[in-house]
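From a predicted model like this one, the values you see are computed outputs, not experimental measurements.
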Protein chains: 2
Amino acid sequence: MTTAARPMRADARRNYERLLAVARDAITEHGAEVSLDDIARRAHVGPGTLYRHFPNRDALLAAVLADWAEELRRQGDELVADPDPAGALDRWLHLLLGHLGTYRGLAAAILASAGDDESALGHACQPMHDTGRTLVDRARTAGTVRSELTAADVHRMVHGIALITENLPDRAAAADRMLTVLVAGLRPPPDAAAGH
Amino acid sequence: MTTAARPMRADARRNYERLLAVARDAITEHGAEVSLDDIARRAHVGPGTLYRHFPNRDALLAAVLADWAEELRRQGDELVADPDPAGALDRWLHLLLGHLGTYRGLAAAILASAGDDESALGHACQPMHDTGRTLVDRARTAGTVRSELTAADVHRMVHGIALITENLPDRAAAADRMLTVLVAGLRPPPDAAAGH
DNA sequence: TTGTCAACCGGAGACAGTCTCCGTATTCTG
DNA sequence: CAGAATACGGAGACTGTCTCCGGTTGACAA
């Protein structure tokens, strides 16, 4: 309909794959803010070639994260099928936080791209946001999440935890402590349903 | 002892003041990541002059934030004097979050400088961190904050909230919702002291 | 195989930002 | 007012982003 007018030329496909592989390594090693020209150099390709295949950093990130996002979507779908709203949400938040720790700078990039229709990364993360919305909404309906909270609020907070812990020496432990606080704080205050 | 070998030369003092004033405006308008060369230009001063007075962005930020930090310290001291540990901490976190919203990029800058002895900004924020530590420690001792949490954890989370809300259209409201979650989540689980 | 052309490559270079070096200018001091 | 101490400022080195376009390569038909 819109794309795939013709299969890629062989050299183009080669370069595309090579760039993707190099980018994955570079981002693993140096975080999501690694120099793009550097990736091009490491892939033995001119900057023009990189920018032709990936118009901007977001697009490259989105391509690198394709599997990542797919895995998250899959696991999210399982949780959506889980009959326990509170437990499923809890596990989802842990899952999400773990995934956000995969690369440095990832949470910041996703946060910045959220809600931007132009952003390839934003598009790539849509399933993730959808899953979150489903789980949060369901939990709120079940009364295990404060009524005033948006699904976006909750996701944003998880991203925030990833953000503020990513340079800590005891990252995982600190992130865990904070997520515990978040999960506990999500619940409505005990006397919320009592009054009136 | 260490500093103030001699009063500043008149032209130096003039430039210093002018840079500070221009920087305050620029940061208010464009956030903490505004171009330093641009600040120099606006102050009708060469980049060299700016960098002589403020060796790096942190130093400039620290100077701009001097009043800000002092005000926070003052209000923090009042809260330290408050006999109610839980209430004082609650008010402190609100206060802190409000202050962190003063300039865009502020929370990120402070977060990055925290625990760096070389950083002028880190040094400028020391009183803020001290106040936080006092209030959190006291509240934890009083049993209104989970025992596993560090004062740094709590501060970091407030910074996180500032960070993730700073570009939202309904910043203040979202920040409020999230701080409510944080404050609620800080409390130990109801059955924590019961068992055993 | 060869010719043709659309598709693709790569790198020069424009632009913006950080930060330094050092010849020149200004201020202070006696 | 002269000399010394201090400060100025801008050229420019460096890094990173991103574009433009002359030259090259691969796909396909003849």
Nearest atoms (heavy-atom pairs only) where [X] meets [Y]:
| X | Y | result |
| --- | --- | --- |
| Ala162(A) | Leu97(A) | N-CD1, 3.7 Å |
| Ile164(A) | Gly160(B) | CG2-CA, 3.6 Å |
| Arg24(B) | Thr28(B) | O-OG1, 2.7 Å |

Measure the distance from [atom1] on [X] to [atom2] on [N] and round it to the nearest whole Å.
| X | N | atom1 | atom2 | result |
| --- | --- | --- | --- | --- |
| Asp58(A) | dT17(D) | CG | P | 13 Å |
| Glu33(B) | dT18(C) | CD | C1' | 13 Å |
| Tyr16(B) | dA7(D) | OH | C1' | 16 Å |
| Leu19(B) | dC8(D) | CG | P | 9 Å |
| Leu50(B) | dA7(D) | CG | P | 15 Å |
| Ile39(B) | dC19(C) | CD1 | P | 12 Å |
| Arg18(B) | dC8(D) | CZ | C1' | 12 Å |
| Asp38(B) | dC15(C) | CG | P | 17 Å |

Looking at every strand, decide which applies to [X] at a 4.0 Å heavy-atom threshold: base, sugar-phosphate, or nothing.
| X | answer |
| --- | --- |
| Arg13(B) | nothing |
| Arg41(A) | nothing |
| Ser35(A) | sugar-phosphate |
| Asp11(B) | sugar-phosphate |

Using the side-chain heavy atoms of [X], tell me which of these nucleotides is nearest: [options].
| X | options | value |
| --- | --- | --- |
| Val45(B) | dC8(C), dC18(D), dG9(D) | dG9(D) |
| Pro47(A) | dT19(D), dC9(C), dA27(D) | dT19(D) |
| Tyr51(B) | dC19(C), dT27(C), dG26(D) | dC19(C) |
| Leu36(B) | dC19(C), dA6(C), dG10(C) | dC19(C) |

Residue mapping more 5' on DNA chain C - nearest nucleotide basis, Asp37(A) or Gly46(A):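 This one resolves to Gly46(A).
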Of Arg52(A) and Arg57(B), the one whose closest DNA chain C nucleotide lies more 5':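 Comparing both residues, the 5'-ward one is Arg52(A).
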Between Ile110(B) and Leu100(B), is the side chain to side chain contact (heavy atoms under 4.5 Å, CB included) condition met? List the steps. CA-CA 9 Å; Ile110(B) 292 179; Leu100(B) 287 174; 3.8 Å; yes
Look at [X] and [N] and indicate whether a side-chain polar atom (N or O) is within less than 4.0 Å of OP1 or OP2.
| X | N | result |
| --- | --- | --- |
| Thr49(B) | dG9(D) | yes |
| Arg14(A) | dG26(D) | yes |
| His53(A) | dC9(C) | yes |
| His44(B) | dC8(D) | no |

Per the atom types in the model, does the base of dA7(C) pair as donor or acceptor with the side chain of Arg9(A) at under 3.5 Å?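 Result: at least one qualifying N/O pair found.
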Suppose we call a contact any N or O donor and acceptor under 3.5 Å apart; does that hold for the side chain of Asn15(B) and the base of dC8(D)?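 Side chain to base: no pair present.
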Which class fits the ring pair His129(B) and His159(B): parallel under 30°, tilted 30 to 60°, perpendicular over 60°?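 Geometry flag for His159(B) against His129(B): parallel rings.
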Salt-bridge test for Asp38(B) and Arg41(B): reply yes if a basic N is under 4.0 Å from a carboxylate O, no otherwise.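 Yes.
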